[in-house]
Amino acid sequence: MRLSQKVKKVLDKYPYDISFIVDGGIVFLEGKVEKHHEWVEIGLKVGQIKGVEGVVNDLSWEGKKRSKVERPETEIDNKLGAHEIVIIGGGIIGCSIARELSKYRCDVALVEKGPDVAMGQTRANNGMVHPGISPSKNTLKRRLNVLGNAMYDELCDELNVPFKRVGSLILITPRTLEGYRRYLPGPLYNIFLKYLLPWMVKKKGQRNGVKGIEILKGSEIFEYESVLIDDVISVVKIPSTGIVDPYALTIALYENAKKNGVKFYLNTEVVDFKKDKKSIEQILTDRGTIACEHVVNAAGLYSDEIADMAGSREFTIHPRKGVELLYNKRLEDKVDHCLAELKIPSHPTSKGGGINPTVHGNIIWGPTAVEVESKEDTSVEKETIHEIMERYSSILPDFPKTEFIRYFAGVRAASFTEDFIIRAAKEVENMLHVAAIQSPGVASAPAVAEHSVDLLKEMGVVLRPNENFEPDRDPIDRAADMDENELKRRIGKDGRWGNIVCTCEMVSEAEIVQAIDRGAESFDAVKRRTRAGMGECQESYCLLRIAEIISEELDVPLNEVKKEWDESEFFNGIVRGEEQ
Ligand SMILES: Cc1cc2nc3c(=O)[nH]c(=O)nc-3n(C[C@H](O)[C@H](O)[C@H](O)COP(=O)(O)OP(=O)(O)OC[C@H]3O[C@@H](n4cnc5c(N)ncnc54)[C@H](O)[C@@H]3O)c2cc1C
């Protein structure tokens, strides 16, 4: 059956007048449906048809608000620079590609609309370096996840970023196949859950290329993770799963790429392109123009709008929100591994979330997976918090589930084909899409970067090794990691080491100053680099002092110190004690 016939067959099931065009593997949908969830469902059904490479979903629904990057009426007459390769987007993907390209002799720049890197999906996720067991066999996600996971030890070692291979446990419990219980009567149910199902999960992982998978049964389960509920029937143990701090890694990639010659334009939003026939010649930003020879579209949630702007509409991003609960470090000892209870049928588009430790000792529960209308919807409802507590306490009933110190939401950049879209743009000769990088984007990032560089070479970019490439990056030294003698020695040289500003995370003034020296200009930028404000009190005690240090170091009035973005100042006038 031809692709267009298959698409028609899917669309005929819906009571709407939907028209479509199929062009080179891309399906363009137009028409109107009633509800947002139908827009998602139809897009996904079409995206799953074999041979579909992208779905541009222009169906509208009642009350739809159009998300669009604002294009200025007139071009800003300011030449910012000219580069061989310009990457759009400073998330973990853009920064990984920037660092990878800095291993070659070429002039690279990265443009990020935010005031810092790691501002999009990259700053609100679990930081789990997935092993690659979940993605379907023939996806790019699967291949790059497994490869990326294996690259983490060396990468984090070079960049001096904490990374731990804690391993993950997939728990098979009486709830795993609840909906199918009636088909497996009596003892058959338990036999299936104890022997056949873990074996099937292990086989799938092995087929995906994941190594070292083991099956645990009986007492070995609780020797390995003692806190689990005692009705766990069997466990699939995957030792290669890791955890990393996603924004610490992205900042490290950024600092190292910068050291190796990549130019970063922060606070710079791409708003249009100037083309000669099918080739981009200039990138138009809200601060001026950047001439370029090649463009990498790594704009996350907005990668579809960047593709559209460039004249190569090939996919639509459907934002999918995930809410997480972050628990107090005091509970660190409660969970050693990443835990997930297997539920069949699984969530159609998510790995289902779970419980995982973080490299800093907090525990994360989540994320959820809910389709949302807006790419900026990071709202968290009370009901969702209850839902997460309910959902995961089934495996850790003794965990003090109400002791979370923060909740937050991130929005995944999902495509309707549910795979990463990494390929040369179909209608623009010099643009590479590295788009729709939803989970496991963190885990895959190092491999995504290598793959992107290979594709740029195929697109004609000549890349010769940079003999001067320096792989290492010095971290900000942390008072919390020092022994008493070392801390005393530092204090002897510089009293700011003894001035502990954030007592929850034990962050000294010296560290905050180092972060500012490295380019942090806002409270959140300091926080991401030092962890000041990330502890139990969630910045209640240290906020003012950190703002004062930023004010002193950058020589700006205290009431101009920002939380992060423009117009996010903390204080709206003279602050008590501040000199008039
Ligand atoms: C709740 C949640 C949990 C997750 N958990 C995990 C996990 O445990 N493990 C894992 O591997 N993955 C996880 N992920 C997925 C992971 O976070 C993403 O795959 C990854 O961060 C994608 O990075 P990115 O660089 O492609 O996108 P982003 O981080 O979104 O970066 C894109 C950047 O482009 C910039 N930009 C956009 N438009 C423009 C423009 N016009 N001009 C200039 N700049 C622009 C944005 O400001 C942004 O900084 C999770 C995601 C979510 C939401």
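Numbers for residues simply follow the sequence, beginning at 1. As the structure lists them, so they are numbered: ligands from 1, and atoms in each ligand from 1.
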Quiz item: Under the salt bridge (charged side-chain N to carboxylate O under 4.0 Å, His left out) test, which residues partner Arg165, sequence neighbours left out?
Solution: Asp153
Exercise. State plainly whether the residues Lys563 and Glu569 are in salt-bridge range, i.e. N to O under 4.0 Å.
Key: no
Quiz item: Going by the order shown, which atoms of ligand 1 are within less than 4.0 Å of some heavy atom of Gly120?
Solution: 29 (O), 30 (O), 49 (O)
Quiz prompt | Polar contact flag for Ile92 and ligand 1 (N/O pairs, less than 3.5 Å) | solution = yes
Exercise. Give yes or no for whether the N/O distance cutoff of 3.5 Å, strictly under, is met between Leu301 and ligand 1.
Key: no
Exercise. Looking only at distances, please establish whether an N/O atom of ligand 1 is found under 3.5 Å from an N/O atom of Glu269.
Key: no
Exercise. Answer with side chain, backbone, both or neither: which part of Lys321 has a heavy atom less than 4.0 angstrom from an atom of ligand 1?
Key: neither
Practice problem: Find all atoms of ligand 1 within a distance of less than 4.0 Å from any non-hydrogen atom belonging to Val111, and give their numbers and elements. | Solution: 43 (C), 44 (N)
Exercise. Measure the distances from the heavy atoms of Thr268 to every atom of ligand 1 and state whether one is below 4.0 angstrom.
Key: yes
Exercise. Provide the number and element of each atom of ligand 1 under 4.0 Å from a heavy atom of Glu324.
Key: 1 (C), 2 (C), 3 (C)
Quiz item: Between Ile306 and ligand 1, which part of the residue brings a heavy atom under 4.0 Å of the ligand: side chain, backbone, both or neither?
Solution: side chain
Quiz item: Does atom CD of Glu154 have more than 12 heavy-atom neighbours, drawn from other residues, nucleotides or ligands, at distances under 6.0 Å?
Solution: no
Quiz item: Side chain, backbone, both or neither: which part of Ala298 has a heavy atom under 4.0 Å from ligand 1?
Solution: backbone
Self-check item: Residue part near ligand 1, for Gln438, under 4.0 Å between non-hydrogen atoms
Solution: backbone
Quiz item: Based purely on interatomic distance, does Tyr302 place a nitrogen or oxygen under 3.5 Å from a nitrogen or oxygen of ligand 1?
Solution: no
Quiz item: Got a sec: does the NZ of Lys457 have more than 12 other heavy atoms crowding it under 6.0 Å?
Solution: yes
Practice problem: Could you pull out, from Val442, Val448, Thr122, the option with a heavy atom nearest to atom 16 (C) of ligand 1? | Solution: Val442
Quiz item: Hey, does His130 come in under 3.5 Å of ligand 1, counting only N/O atoms on both sides?
Solution: yes
Exercise. Could you pull out, from Leu266, Ile283, Val271, Asn125, the option with a heavy atom nearest to atom 17 (O) of ligand 1?
Key: Asn125
Quiz item: Is it the side chain, the backbone, both or neither of Val434 that has a heavy atom closer than 4.0 Å to ligand 1?
Solution: neither
Quiz item: Centre of Tyr152's six-membered ring, under 6.0 Å away, within 45 degrees of the axis: is that where NZ or CZ of Lys164 sits?
Solution: no
Quiz item: Numbering the atoms of ligand 1 from 1, which are under 4.0 Å from a heavy atom of Gly127?
Solution: 8 (O)
Quiz item: Excluding sequence neighbours, so at least two apart, what forms salt bridge (charged side-chain N to carboxylate O under 4.0 Å, His left out) with Lys334?
Solution: none
Practice problem: Report yes or no: do Arg473 and Asn160 form a side-chain donor-acceptor pair below 3.5 Å? | Solution: no
Exercise. Check ligand 1 against Gly90 and write out every atom of the ligand that is under 4.0 Å from a heavy-atom position of the residue.
Key: 33 (C)
Quiz item: So which bit of Cys95 gets within less than 4.0 Å of ligand 1, heavy atoms only: side chain, backbone, both or neither?
Solution: neither
Quiz item: For ligand 1, which atoms sit closer than 4.0 Å to a heavy atom of Pro440?
Solution: 10 (C), 11 (O), 12 (N)
Exercise. Pull out every atom of ligand 1 sitting under 4.0 Å from any heavy atom of Ile93, numbered as shown with elements.
Key: 23 (O), 24 (P), 25 (O), 26 (O)
Quiz item: Is there at least one pair of N or O atoms, one from Pro367 and one from ligand 1, spaced under 3.5 Å apart?
Solution: no
Quiz item: So, is the end of the Lys263 side chain (NZ or CZ) under 6.0 Å from the ring centre of Tyr265 and within 45° of the ring's axis?
Solution: yes
Quiz item: Backbone or side chain, does any N or O of Val270 fall under 3.5 Å from an N or O of ligand 1?
Solution: yes
Quiz item: So, is the end of the Lys375 side chain (NZ or CZ) under 6.0 Å from the ring centre of Tyr302 and within 45° of the ring's axis?
Solution: yes
Quiz item: Any side-chain donor paired with an acceptor under 3.5 Å for Glu371 and His37?
Solution: no
Exercise. Show your reasoning for whether salt bridge (charged side-chain N to carboxylate O under 4.0 Å, His left out) applies to Lys562 and Glu521.
Key: CA-CA 8 Å; Lys562 296 184 183 72; Glu521 291 184 352; over 6 Å; no
Self-check item: Whether over 12 other heavy atoms sit under 6.0 Å from Tyr224 OH
Solution: yes
Quiz item: Under 4.0 Å from any heavy atom of Ala299, which atoms of ligand 1 are there?
Solution: 32 (C), 34 (O), 37 (C), 38 (N)
Quiz item: Hey, is Lys64 close enough to Asp58 for a salt bridge, meaning N to O under 4.0 Å?
Solution: no
Exercise. Check each of Gly322, Ala124, Ser96 against atom 2 (C) of ligand 1 and report the one with the nearest heavy atom.
Key: Ala124
Self-check item: Selection from Gln121, Glu305, Met128 by shortest heavy-atom distance to atom 8 (O) of ligand 1
Solution: Met128
Self-check item: Heavy atoms from other residues, nucleotides or ligands near CG of Asn78 exceed 12 (cutoff 6.0 Å)
Solution: yes
Quiz item: In terms of the angle between their ring planes, are Trp365 and Tyr327 parallel, tilted or perpendicular, with boundaries placed at 30° and 60°?
Solution: tilted
